[in-house]
2 protein chains.
Amino acid sequence: MDQDKKPPKMDINTETKIKNAARVVFHKKGFAATRTRDIAEEAGINLALLNYYFRSKQKLFDLIMFETMHGFLQSIFEVFNNDTTTLEQKIETMVNRYIDLLLTNPDIPIFLLNELRTHPEELVAKMGMKDILMDTHFLKQFQSAINEEKITTLNPLHFIMNLMGMVIFPFMACPIIKGVSGVTQSEFETLMQERRVLVPKWIHTILHNK
Amino acid sequence: MDQDKKPPKMDINTETKIKNAARVVFHKKGFAATRTRDIAEEAGINLALLNYYFRSKQKLFDLIMFETMHGFLQSIFEVFNNDTTTLEQKIETMVNRYIDLLLTNPDIPIFLLNELRTHPEELVAKMGMKDILMDTHFLKQFQSAINEEKITTLNPLHFIMNLMGMVIFPFMACPIIKGVSGVTQSEFETLMQERRVLVPKWIHTILHNK
DNA sequence: GTCTATAACGTGATAGAC
DNA sequence: GTCTATCACGTTATAGAC
């Protein structure tokens with residue numbers, strides 16, 4: 001929509017370089033602990049350019065925050081609204097998508113939840129997720145399964161909290177887990193890989209146990 | 001150990017007032033976003049007094065961080081090392097303790113995990129938790145149960161991640177959950193109360209399903 | 001567009017009166 | 001011990017040359 005030359009992987013334009021650097025640093029340290037100098041250095045450019053392209057630290061942050069939030073919720077939305085998959089398939093896909101995401105970007109959950117404490121639900125509202133998530137194919141399937149007594153009666157929110165908690169929490173608690181258990185980063189990642197199959201199995205067990 | 005008059009609830013001494021205020025503000029905003037002036041205001045005292053009693057923002061923070069971490073891990077330690085309780089009782093107690101804690105102090109998990117990203121495992125090590133948590137009555141019970149084939153074979157770390165994830169994650173994601181689902185704070189707390197009995201039930205189901 | 005230099009501001013910490 | 005006033009410093013943001 002801007003230019004017709006999408007940067008061909010290298011020799012990326014300055015604006016993108018800054019945005020990528022900002023994403024990395026903001027995700028790792030949060031808004032308050034991040035200095036614009038950190039971002040400039042990470043991007044390999046001059047500090048003044050940051051303000052030239054994005055006006056202010058806050059504006060740049062808002063951009064990163066929105067994109068991160070969008071990317072994070074987008075997965076839920078896509079999977080939950082796919083009306084060609086079963087409930088079990090949706091669970092499996094969700095788990096795999098988030099483990100993929102978090103193995104690569106383990107900082108995202110704490111970044112998001114930490115920043116959302118300050119800017120309360122203004123951003124959540126801005127995402128407009130409330131309307132589209134509360135009327136998904138998933139919820140209809142879930143309700144049907146309960147009505148037909150195929151699964152245990154259960155508030156869908158409890159279900160989602162369990163799913164997200166089992167997948168996301170381990171990544172957030174990674175430093176503390178490694179600290180008290182002594183596992184290495186590599187061993188930790190192996191554990192997370194195991195959870196691709198374990199979590200759906202556990203969720204299934206919970207749902208079908210009367 | 002200091003004085004023999006433990007403050008009788010009101011007319012608390014200045015040092016304690018500052019520490020309590022620091023705990024509130026640090027927990028809510030984290031180290032970087034907290035200004036010493038915020039703490040002074042919350043405590044109802046002058047900014048200079050903060051430095052008079054605690055020398056620096058960092059020193060005061062280290063104190064709060066240590067106490068918070070200690071209080072948080074202490075519960076796990078106590079419950080896991082109680083050799084008069086069954087595995088099932090330990091689970092139930094853990095869940096109830098943490099739900100109690102988090103209903104009152106919902107900021108603690110994000111505070112801890114967020115700050116632990118920067119000061120990596122130096123603090124975890126300082127707590128000396130590694131040694132005492134890796135040789136608990138709980139782990140022996142867990143291993144015995146597996147050997148006697150009473151429960152499914154399962155890495156205890158997976159078990160602990162599930163337990164903590166199901167209990168703690170919902171509190172961390174509270175703003176996002178309320179944002180996308182539309183539940184009120186009061187309804188959210190009711191859901192958390194329900195989880196006192198639901199989580200142990202789910203954990204039991206997972207453990208005993210072959 | 002990109003840089004250097006600097007202005008403008010906020011924050012942690014202290015000096016010194018009481 | 002407690003306060004007011006102020007210093008010292010780091011950080012965001014901009015002015016202006018190239």
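Convention: sequence-line order gives letters A, B, ...; per-chain numbering from 1.
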key: Distance in angstrom units between B/L60 CG and C/dA13 C1', rounded   = 14 Å
request  = Scan residues 27-40 of chain B against DNA chain C and write down, sorted by residue number, each residue with any heavy atom closer than 4.0 Å; if none is found, say none.
outcome  = B/T34, B/R35, B/T36, B/R37
message = Tell me the interatomic distance from B/N51, atom CG, to D/dC7, atom P, rounded to whole angstroms.
response = 17 Å
ask   = Taking CG from A/N46 and P from D/dA13, how many angstroms apart are they, rounded to a whole number?
value = 15 Å
inquiry  = Under 4.0 Å from OP1 or OP2 of C/dG1: is there any side-chain N or O of A/T14 that close?
reply    = no
inquiry  = Taking the six-membered ring of A/F31 as reference, does the cationic atom of A/K57 (NZ for Lys, CZ for Arg) lie under 6.0 Å from its centre and within 45° of its axis?
reply    = yes
task = Verify, without hydrogens or angle tests, whether A/T85 (side chain) and A/N82 (backbone) share a donor-acceptor contact under 3.5 angstrom.
result = yes
key: Nearest-Å distance for atom pair CG/C1', residues B/L49 and D/dC3   = 8 Å
Nucleotide D/dG1, atom P - distance to NZ of B/K17 in whole Å = 13 Å
query = Please walk me through it: do B/T34 and B/K29 pass side-chain hydrogen bond (donor to acceptor under 3.5 Å, both in side chains)?
reply = CA-CA 6 Å; B/T34 293; B/K29 315 215 289 184; 5.8 Å; no
query = For A/K57 and C/dG10, what is the distance between atoms NZ and P respectively, to the nearest whole Å?
reply = 14 Å
message = Give me the atom names and distance for the closest heavy-atom approach of B/L101 to B/I108.
response = CD1-CD1, 4.3 Å
request  = Would you mind classifying the nucleic acid contact of A/Y53 as base, sugar-phosphate or nothing, using non-hydrogen atoms under 4.0 angstrom?
outcome  = sugar-phosphate
task = Specify the separation, in whole Å, of atom CZ of A/R55 and atom P of D/dA15.
result = 10 Å
message = Any non-hydrogen side-chain atom of B/E115 less than 4.5 Å from a side-chain atom of B/F61?
response = yes
key: Spacing of B/L47 atom CG relative to D/dC3 atom P, expressed in whole Å   = 11 Å
key: Given D/dT2, D/dT14, C/dT2, the nucleotide with the shortest approach to the side chain of A/A48   = D/dT14
query = Between A/N114 (side chain) and A/I110 (backbone), is there a donor-acceptor pair under 3.5 Å?
reply = no
query = Is it true that a side-chain atom of A/Q143 and a backbone atom of A/K140 form a donor plus acceptor pair closer than 3.5 Å?
reply = no
